[in-house]
Number of protein chains: 2
Amino acid sequence: MKIGDGVEWAIHCCAALAGLPGDGSLPAAKLAELHGVPAAYLAKHLQALAAAGIVQALPGRRGGYRLARPAEELTLLEIVTAVEGDEPAFRCTEIRRRGPCKGLPASLFPAPCAIASAMARAEAAWRRELQATSVADLVRHVERHVDPRVRRRVGDWLDSALS
Amino acid sequence: MKIGDGVEWAIHCCAALAGLPGDGSLPAAKLAELHGVPAAYLAKHLQALAAAGIVQALPGRRGGYRLARPAEELTLLEIVTAVEGDEPAFRCTEIRRRGPCKGLPASLFPAPCAIASAMARAEAAWRRELQATSVADLVRHVERHVDPRVRRRVGDWLDSALS
DNA sequence: GTCCCTATACTCGGATAGCAAGTGTCCGAGTATAGGCGG
DNA sequence: CCGCCTATACTCGGACACTTGCTATCCGAGTATAGGGAC
């Protein structure tokens, strides 16, 4: 089980966009430079975020990306789902119907497999926890717990990038 | 994010072994036939279960696998961890230190990244839920909610396999 | 009849190919901007 | 001086290679069993 790097990049990008002043936007190349990741590949994930309605792509010269909705309403679950897909990690292949039970009518297996149910419960708990954190929470955490010198460094870089 | 098929097979195998009478054992080939999966590949995952101390491999002619511990003490989390590995799905690559913050001393980043913390909380909730279900729970569920005709079919097959 | 020995057949275990999905990259379509031109 | 037009430069969007890890398979090492033979 492995979560792709794109998820981490996407969340960091959303947090950065949420920290921009006013309705400022940032192009993919700048977001990649800010996080030190390949620009072309990050663009791929930003497309996924745009398709999911999380960020808004502004075309043209001075274009870029900005959050499509307030950071307060944007949960980590939405970002993870947009990048990784919405199908569950565990997929029951109904192996209980294979082997000696092959050929038995499907009506004999009404309830879902107990294993699939348990795994689904676990994933639901995982999603619930991700939904409890919003991008605004991340921004607040940065404002409170990140060293001022780091914030200053990032702020200066953003000023030069936005000009 | 995707969980390999081997996890589903491993849990089904543990449930089947837990349902065996007395200290009976079942070889990998029979477990594969019972579940309709490739025997050689299932053997690979059974090795992982044996290495983790979940099942016990009995060598020799009449050998096979049996549970190494009581089904009541065996949780789904242990099985999933044994097959998929114990490293977390989300791994923070510390991209906050790259880009314009590159070169800043590491002492400026004492607390873990808020994103990594949130993802870790979600995974902890996932593990907690998996730990709440034991293999014995699965067996009980089968005894209560699975159609008697299905249980009969599997029981007959097991009798012929154990002889 | 009992014990021992040997050959066998079956088991697990690790080392070896194949494939799919994630990873990384590129170039083309489209648009807001900046400058130049005409009025 | 003001408005319009055009060329430009920058943006996003989708199509194209590559690498890692999961999927699938095989053959060799080891052992309990079954049978036969000697006592």
Side-chain angles (χ1 to χ4, degrees), chain A residues 1-10 13 17 23-33 35-66 68 80 82-85 87 89-91 93 95 161-163, chain B residues 1-10 13 17 23-33 35-66 68 80 82-85 87 89-91 93 95 161-163:
Chain A
M1 191 180 54
K2 186 183 146 195
I3 290 180
D5 298 333
V7 171
E8 183 183 10
W9 303 355
C13 285
L17 293 179
D23 59 348
S25 66
L26 218 52
K30 291 294 180 185
L31 281 170
E33 187 182 344
H35 296 112
V37 299
Y41 189 30
L42 176 63
K44 192 182 188 67
H45 295 302
L46 289 173
Q47 287 178 28
L49 292 181
I54 293 173
V55 300
Q56 188 175 6
L58 305 175
R61 209 180 141 117
R62 290 259 180 171
Y65 289 98
R66 69 178 176 191
V80 173
V83 175
E84 287 280 317
E87 56 189 27
F90 181 88
R91 287 184 301 283
T93 59
I95 67 178
L162 287 171
S163 61
Chain B
M1 191 181 52
K2 185 182 145 193
I3 291 181
D5 299 333
V7 171
E8 183 183 10
W9 304 355
C13 286
L17 293 178
D23 60 346
S25 66
L26 218 51
K30 291 293 180 185
L31 281 171
E33 188 183 343
H35 296 112
V37 298
Y41 188 31
L42 176 64
K44 192 181 188 66
H45 295 300
L46 289 173
Q47 287 176 30
L49 292 181
I54 294 173
V55 301
Q56 187 175 7
L58 307 175
R61 209 182 143 118
R62 292 259 179 171
Y65 289 98
R66 68 178 177 192
V80 173
V83 175
E84 288 280 317
E87 57 189 27
F90 181 88
R91 288 185 300 285
T93 59
I95 67 179
L162 287 171
S163 64

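Chain A is the first sequence line, chain B the second, and so forth, proteins listed ahead of strands; every chain is numbered from 1. Please read all numbers here as calculations on a predicted model, not as lab measurements.
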Asks: Answer yes or no: does a side-chain N or O of Gln47(A) lie under 4.0 Å from OP1 or OP2 of dG14(D)?
Replies: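 Yes, within the criterion.
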Asks: Report the distance from atom CG of Leu58(B) to atom P of dA32(D), rounded to the nearest whole Å.
Replies: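 In whole Å, dA32(D) P and Leu58(B) CG are 10 Å from each other.
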Asks: Could you state the atom-to-atom distance from CZ of Arg91(B) to C1' of dT20(D) in whole Å?
Replies: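 Taking CZ of Arg91(B) and C1' of dT20(D), I get 12 Å after rounding.
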Asks: Evaluate side chain to side chain contact (heavy atoms under 4.5 Å, CB included) for Glu87(A) paired with Lys2(B), printing each intermediate quantity in order.
Replies: CA-CA 9 Å; Glu87(A) 56 189 27; Lys2(B) 185 182 145 193; over 6 Å; no
Asks: Determine all donor-acceptor pairs shorter than 3.5 Å in which one atom belongs to a side chain in residues 56-63 of chain A; sequence neighbours excluded.
Replies:
residue	atom	partner	partner atom	Å
Gln56(A)	OE1	Arg66(A)	NE	3.4

Asks: May I have the distance from Glu33(B) (atom CD) to dT11(C) (atom P), rounded to whole angstrom?
Replies: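 Glu33(B) atom CD is separated from dT11(C) atom P by 11 Å.
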Asks: Sequence neighbours left out, what pairs pass ring pair (Phe, Tyr, Trp, His ring centres under 6.0 Å) with at least one residue falling in residues 39-61 of chain B?
Replies: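 Those involving residues 39-61 of chain B are Trp9(B)-Tyr41(B), Tyr41(B)-His45(B).
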Asks: Please write out each protein N/O paired with an N/O of nucleotides 20-30 of chain C under 3.5 Å, distance rounded to 0.1 Å.
Replies:
residue	atom	partner	partner atom	Å
dT23(C)	OP2	Tyr41(A)	OH	3.1
dT23(C)	O5'	Tyr41(A)	OH	3.4

Asks: My understanding is that only residues two or more places apart in sequence, or in another chain, count here; which of them pass ring-ring contact (aromatic ring centres under 6.0 Å, His included) with Phe90(B)?
Replies: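 Here no residue qualifies.
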Asks: So, using side chain to side chain contact (heavy atoms under 4.5 Å, CB included) as the criterion, who are the partners of Ala89(B) when residues are at least two apart?
Replies: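 Per chain and number, Ala89(B) pairs via side chain to side chain contact (heavy atoms under 4.5 Å, CB included) with Met1(A), Ile3(A), Glu123(B).
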Asks: Nearest whole Å is fine: how far is dT11(C) P from Arg66(B) CZ?
Replies: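 To the nearest whole Å, that distance equals 16 Å.
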Asks: Atom CG of Leu162(B) to atom P of dT11(C): distance rounded to whole Å?
Replies: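 It works out to 13 Å between those atoms.
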Asks: Can you name the residues that form a side chain to side chain contact (heavy atoms under 4.5 Å, CB included) with Lys30(B), not counting sequence neighbours?
Replies: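 Expected list: Leu26(B), Pro27(B), Glu33(B), Trp157(B), Ala161(B).
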